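As a basis for the values below, the full set of heavy atoms in this structure was taken, side chains included, without hydrogen atoms, waters or symmetry mates. Remember, predicted model here, so these are calculated numbers, not experimental data.
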Amino acid sequence: QVQLVESGGGLVQAGGSLRLSCAASGLTFRMYTMGWFRQAPGKEREFVATIAWSGGATTNYADSVKGRFTISRDNAKNTVYLQMNSLKPEDTAVYYCAAGHWTSTQAMGRLKGMQYWGKGTLVTVSS
């Protein structure tokens with residue numbers, strides 16, 4: 001059974017930092033593109049960041065988080081991270097970890113290509 005389990009969410013003041021973790025099991029982690037998405041109340045789920053399966057670990061970021069968030073992965077631990085700095089109230093959302101086999105993400109893109117999703121972790125940024 002494939003499982004993605006997020007952790008690290010919580011309440012933080014604007015300007016602060018949080019580090020989210022996503023532990024994956026039941027898949028060959030190194031073959032999967034991993035991503036973070038978020039959804040605020042009343043809004044559509046949006047792309048935050050992805051990191052590729054390949055050795056180069058190519059990353060992509062939404063413009064809204066570029067320069068503030070960093071996605072990384074530790075293949076030995078089957079874990080992907082999202083370091084969030086300089087947090088803003090508009091970053092408040094449920095953050096979801098997602099995984100897509102590289103063939104899936106190449107064929108369908110970074111959102112539709114994601115095959116597995118975690119249950120999410122809530123990040124609340126107060127002003």
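With Y81 as reference, D74 is the one residue of I71, L20, D74 to meet the side-chain contact (heavy atoms from CB on, under 4.5 Å) rule. Checked against V123 for a side-chain contact (heavy atoms from CB on, under 4.5 Å), the options V94, L11, L18, T92 give a single hit: L18.
Tracing side-chain contacts under 4.5 Å through hydrophobic residues (I, L, V, M, F, W, Y), one reaches L122 starting from Y96; they form part of the same cluster.
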Check: Is there a side-chain contact (heavy atoms from CB on, under 4.5 Å) between V80 and I51 once you walk through the steps?
Finding: CA-CA 9 Å; V80 63; I51 184 164; 4.1 Å; yes
Next item on the list: Show your reasoning for whether side-chain contact (heavy atoms from CB on, under 4.5 Å) applies to F29 and W53.
Entry: CA-CA 8 Å; F29 185 76; W53 68 275; over 6 Å; no
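When all heavy atoms of P89 and S127 are compared, the pair lying nearest together is CG-CB, 4.0 Å. C97 and E6 make their closest contact through N-OE2, 2.8 Å (heavy atoms, listed as atom of the first residue, atom of the second, distance). The two residues M34 and A99 come nearest to each other via the heavy atoms SD-CB, 3.5 Å. Nearest heavy atom pair, residue K43 against residue Q39, reads O-NE2, 3.1 Å. Summarising the geometry of L82 relative to A49, their closest heavy-atom pair is CD1-CB, 4.4 Å, with the distance given to 0.1 Å. Nearest heavy atoms, A40 versus A93: N-CB, 3.8 Å.
Y95 OH to S7 OG: the interatomic distance, rounded to the nearest 0.5 Å, is 15.0 Å. Distance check: R68 CZ to S17 OG gives 10.0 Å after rounding to the nearest 0.5 Å. Separating the CG atom in L27 from the OH atom in Y116 is a distance of 7.0 Å, to the nearest 0.5 Å. For the atom pair CD of Q83 and OG of S21, the computed distance is 9.5 Å after rounding to the nearest 0.5 Å. With rounding to the nearest 0.5 Å, the separation of CE in M84 from OG1 in T70 is 11.0 Å. Atoms OG and CG, from S25 and L4 in turn, are 7.5 Å apart once rounded to the nearest 0.5 Å.
The number of heavy atoms from other shown groups lying within 6.0 Å of CD (E90) is above 12.
Taking the charged nitrogens against the carboxylate oxygens, D63 and K66 do have a contact shorter than 4.0 Å, which makes a salt bridge. Taking the charged nitrogens against the carboxylate oxygens, R38 and E46 do have a contact shorter than 4.0 Å, which makes a salt bridge.
Figure legend: cation-pi geometry between R30 and W102 absent, as NZ or CZ is not positioned both under 6.0 Å from the six-membered ring centre and within 45° of its axis. Under a cutoff of 6.0 Å and an axis angle of 45°, R73 and Y32 do not form a cation-pi pair.
Using modelled atom types, no side-chain atom of S64 and backbone atom of A62 make a donor-acceptor pair closer than 3.5 Å. A side-chain donor-acceptor contact under 3.5 Å links Q115 to the backbone of H101.
F69 and W36 have their aromatic ring centers separated by at least 6.0 angstrom.
Contacts of R19 classified as side chain to side chain donor-acceptor pair (under 3.5 Å), with partners at least two apart in sequence or in another chain: none.
Looking at heavy atoms from C-beta onward, T33 lies in side-chain contact with M114 at the 4.5 angstrom threshold.
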